[in-house]
Undergrad: 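The structure follows.
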Number of protein chains: 2
Amino acid sequence: MPATTLDQLRTPCLVLDAERMHHNIAVLRAQLQRLGAPLRAHVKTCKSLPVLLAMTGGERAPVTVSTLAEAEACFAHGFRDVLYAVGLAPNKLDAVQSLRARGCDLIVTVDSIDAARHVAARQLRIPAVIEIDSDGHRAGVRADAEALEPIANALARGGELRGVMTHAGASYECRGEAALVAMAERERAAVVAAADRLRRAGHACPIVSVGSTPTARFAQQLDGVTEVRAGVFVFADLVMAGLGVFGIDDVALSVLVSVIGHRDAPPRLLTDGGWMALSRDRGTADHAVDQHYGLVLDLDGRPCADLVVVGTNQEHGIIARRDGAPFDLARYPIGTLLRVLPNHACATAAQHDRYHVVRQQRRIEAVWPRWSGW
Amino acid sequence: MPATTLDQLRTPCLVLDAERMHHNIAVLRAQLQRLGAPLRAHVKTCKSLPVLLAMTGGERAPVTVSTLAEAEACFAHGFRDVLYAVGLAPNKLDAVQSLRARGCDLIVTVDSIDAARHVAARQLRIPAVIEIDSDGHRAGVRADAEALEPIANALARGGELRGVMTHAGASYECRGEAALVAMAERERAAVVAAADRLRRAGHACPIVSVGSTPTARFAQQLDGVTEVRAGVFVFADLVMAGLGVFGIDDVALSVLVSVIGHRDAPPRLLTDGGWMALSRDRGTADHAVDQHYGLVLDLDGRPCADLVVVGTNQEHGIIARRDGAPFDLARYPIGTLLRVLPNHACATAAQHDRYHVVRQQRRIEAVWPRWSGW
C-alpha cells in the first residue's frame with residue numbers, strides 16, 4: 001500500500017511542497033509577463049514532467065535542457081522546441097541528429113569557431129545559438145569579441161545560426177538587490193549587443209536568450225530579449241534565500257530524514273540523511289548566513305531551534321545548533337522525522353529518483369519520477 | 001550498436017579499469033589473508049553485482065550495505081548474510097522484517113537503548129550488532145560506556161545480539177603510516193574490548209567487525225576480530241592516494257569528459273563533466289596535494305601536465321593547471337576526450353547508473369549497471 005502521509009515513508013526521501021512550487025512559478029511568470037518576455041523553462045532542476053508542465057502552464061512550450069537525456073525525455077513527452085544550453089561536444093552530434101530527424105527542433109550551443117565547424121560539418125542545418133559571455137563567469141564569447149561574426153559565418157556553412165544566449169552565472173556572487181539589478185541589465189545588454197552586431201553583419205538572429213533565476217527575478221526591463229531561461233526558481237533553495245531572490249518560506253524542496261542516534265559532547269543528532277541524500281553542496285558557505293549542509297525543520301516544516309546539518313558522510317547526517325550551543329536531545333528521540341532544506345535544489349534533487357508531493361504539509365498526493373543521466 | 005571503445009561513448013560517463021580493480025582486490029585480500037580475517041565486502045562504493053562478485057571471489061559471501069536498497073539488491077542476487085551498517089531508523093523495520101521473512105539473514109546496527117528497544121519490540125529475534133565508537137568520529141557507544149550492557153539487554157528482550165562493529169572513520173584524518181597503523185590498532189582494540197565486556201556479561205558475541213579501507217590496509221594484527229568491512233579499496237581514489245593507502249596508478253575509476261570550450265585569460269578548458277558527473281566532493285582539500293575536483297588524465301590514462309578540475313557547475317567542468325600557469329590550449333581541441341580521477345569513488349560513482357568497463361585502456365568489454373536509492 002503506498003504511503004499517504006510523510007510519516008509512512010522510508011527515509012531518506014525527497015519531499016516537494018506543491019503549494020510552494022505553484023507559488024514560486026506564479027511569482028516568476030508574473031514578473032516575466034510584466035517584462036514582456038516569455039519563459040523558456042529550464043529542465044535541469046526539476047527533471048520531471050509534472051513539474052515542467054506546471055512551469056509551462058500545461059503547454060508544450062519551449063524548454064531548455066542541460067543534458068541530451070533531458071532533451072530526449074522532453075521530446076518523448078511532446079516538447080518539440082528544445083534548447084540544449086551547454087556547449088556541444090562533438091560526440092553528441094549523432095544523438096542531436098537523431099532527435100532532429102524524429103521531429104524535435106533541438107537547438108545546440110557553441111562559443112567557438114571550432115565547435116561551430118563541427119555543427120556545420122554535418123550539412124544538416126542543425127540550428128545553434130552562440131553563447132555570449134556577459135559576466136566573465138564561465139563560457140561564451142564576449143559581445144565585442146572579434147570571433148563573433150566568424151563563429152556565425154562558420155555556422156552558416158552547413159548549420160543554422162538561430163540566435164544568441166547568455167547565462168549570468170555571476171549573479172550567484174552578487175550581494176544585495178542593487179547588484180542583482182545591475183547584473184540583470186549587464187546580462188541583457190551583452191546579449192542584445194551581440195544580436196545587434198550579428199544582424200548588422202546580415203545574420204538573422206531570432207533568439208535572444210538570457211537566463212538565471214536571480215537575474216530573471218531582478219530584471220527591470222528586458223528590451224530586445226526574446227526569452228528567459230530559468231529553472232531553480234520552481235523549488236527555490238537556501239542559496240536563493242541567501243541572495244534575497246526568494247524567502248526561506250518559499251523553499252518547496254526538502255529531504256525527509258530520521259534521527260538514528262545522539263551524541264552528548266558536543267550535542268549532535270545523527271540522521272540517515274548524509275551526502276548521498278543531501279548532496280555535498282555548500283553553496284551558502286560564503287553567504288551572510290551559512291546554512292552548512294542544510295537547514296533543519298520539523299515534520300510540519302517549522303524551524304527547529306536553528307538546527308543545521310553540520311556534517312555529512314555517505315549515509316549519515318550530523319545535526320547541531322548553528323551556534324554550537326547545547327540543545328535538548330530528548331526532544332528528538334530515535335525515529336523522529338525531520339525535513340532538511342537544501343542549499344542547492346538542483347544538486348539535492350539529483351540524488352533522488354522521485355518526488356513525494358505533499359499538500360497541507362503531511363499528505364502525499366502524488367509521486368513524481370525524475371529523469372537522470374546523460 | 002553499442003560502443004566498443006571509449007572514443008565512441010557519449011560523455012560524460014563512468015569508466016572502470018578492470019585490471020586495476022582486480023589488482024586492488026588482490027592486494028586487500030592478500031593483506032586480510034595474512035591477518036587471518038575474512039572480508040565482509042562493503043557494497044556502498046560499487047553498488048554493482050559484477051564488482052561485488054569480484055570482491056568476494058565469486059562467492060555469495062557475507063556483505064555489508066549502507067542502504068536497504070543495497071540489501072534488497074544483494075538478496076535478490078543470492079547474498080544471504082547481509083550487515084546493514086548504518087544505525088537503524090524505525091521506519092525501516094518493516095522492510096527489514098520483510099527481507100528476513102524471505103530468508104535474508106539481515107543484521108541491523110544500533111548504538112542506543114532506544115534503538116535496541118525498537119528492534120526488540122518486534123519480538124522476531126531480529127539480529128543486531130552494537131556499534132562501538134573507536135575514534136570519536138561519528139556514531140557508536142564507547143567500549144567502556146555504561147550503556148553497553150543495557151543496550152545488549154534491551155536487544156535480548158525480543159531481538160538478538162549478534163555482536164559488535166566499529167568504523168574508524170577518523171582514519172581519513174590520519175597523516176602518515178604510523179598514524180594509520182595506530183588507528184587500525186585502536187579500532188581493533190575498541191571492538192575487541194567491547195566484545196569481551198559483553199561476553200563477560202553473558203552475551204554471545206559472534207561478530208566482532210572492524211572496517212575502513214585505510215585501517216584494513218594498515219592493520220598489523222587483527223586478533224579477536226572476526227571480519228573486516230571495506231568498500232572503497234575496490235576502486236581506490238585520490239583520497240586513498242593522498243593518504244598513502246593506494247597509489248594514483250591504482251585508481252580504477254574515472255569520468256570520461258569532452259572538451260567543449262577554451263578560455264584564454266586565465267587559461268582554462270571547459271568540459272561537459274560538471275558536479276553532476278564528478279560529484280561535489282573535495283575530499284583532498286586538506287591533503288598535502290589538493291586534487292581540487294579531480295586529476296585530469298588523457299584518454300589512455302596518462303597524466304596531462306598536472307591539469308586538475310578547478311571548478312564545477314552542474315554540467316560544466318573547468319580545468320586548469322594546478323599551479324595556475326599557462327598551458328597550450330591548442331593541444332586540447334574541442335571534442336578532446338579526457339579522464340578525470342575522482343577524489344571520492346563512492347561519491348562520484350553514485351552520480352552514474354553504469355560502469356563502462358575497460359581493459360587495455362580503451363576497449364570496452366562490458367557495461368555493468370549500478371544500484372541506487374534507498
Undergrad: Write down the atom of Ala115(A), the atom of Ile334(B), and the distance for their closest heavy-atom approach.
TA: N-CG1, 4.1 Å
Undergrad: Taking everything shown except Arg263(A) itself, do over 12 heavy atoms lie less than 6.0 Å from its CZ?
TA: yes
Undergrad: Any idea which of Pro12(A), Ala139(A), Gly335(A), Gly261(A) has the most non-hydrogen atom pairs under 4.5 angstrom with chain B?
TA: Pro12(A)
Undergrad: Taking every non-hydrogen pair under 4.5 Å, which of Asp133(A), Asp353(A), Leu337(A) racks up the most with chain B?
TA: Asp133(A)
Undergrad: Considering only heavy atoms, which portion of Leu88(A) lies under 4.5 Å from any heavy atom of chain B: side chain, backbone, both, or neither?
TA: backbone
Undergrad: State whether the number of non-hydrogen atoms from other residues, nucleotides or ligands found under 6.0 Å of Arg122(A) atom CZ is greater than 12.
TA: yes
Undergrad: Does any part of the side chain of Arg282(B), heavy atoms only, come nearer than 4.5 Å to the side chain of Arg282(A), both counted from C-beta?
TA: no
Undergrad: Under 4.5 Å, counting heavy-atom pairs only, tell me which of His344(A), Arg354(A), His262(A), Arg268(A) racks up the most with chain B.
TA: His344(A)
Undergrad: Are the side chain of Arg10(A) and the backbone N or O of Trp374(B) linked by a donor-acceptor pair below 3.5 Å?
TA: yes
Undergrad: Among Gly373(A), Ala350(A), Cys346(A), which residue forms the greatest number of heavy-atom pairs with chain B at distances under 4.5 Å?
TA: Cys346(A)
Undergrad: Can you confirm whether more than 12 heavy atoms, excluding those of Asp264(A), are under 6.0 Å from its CG atom?
TA: no
Undergrad: Between Asp111(A), Leu9(A), Leu68(A), which has the largest tally of heavy atom pairs under 4.5 Å with chain B?
TA: Leu68(A)
Undergrad: So which of Gln314(B), Arg117(B), Glu131(B) has the biggest tally of heavy-atom pairs under 4.5 Å with chain A?
TA: Gln314(B)
Undergrad: Quick check on Ser112(B) against chain A: is it the side chain, the backbone, both or neither that has a heavy atom closer than 4.5 Å?
TA: side chain
Undergrad: So do Met276(A) and Thr67(B) actually touch side chain to side chain, heavy atoms under 4.5 Å?
TA: no
Undergrad: Can you tell me which of Asp281(B), Thr336(B), Thr109(B), Ile318(B) forms the most heavy-atom pairs within a distance under 4.5 Å of chain A?
TA: Asp281(B)
Undergrad: Please identify, among Asp272(A), Asp114(A), Thr11(A), the residue contributing the most non-hydrogen atom pairs under 4.5 Å to chain B.
TA: Thr11(A)
Undergrad: Report yes if the side chains of Arg138(A) and His316(B) come closer than 4.5 Å at any heavy-atom pair, otherwise no.
TA: yes
Undergrad: Considering all heavy atoms of both residues, which atom of His137(A) and which atom of Asn313(B) are nearest to each other, and what is their separation?
TA: NE2-OD1, 3.8 Å
Undergrad: Quick check: do Asn91(B) and Gln8(A) have side-chain heavy atoms less than 4.5 Å from each other?
TA: no
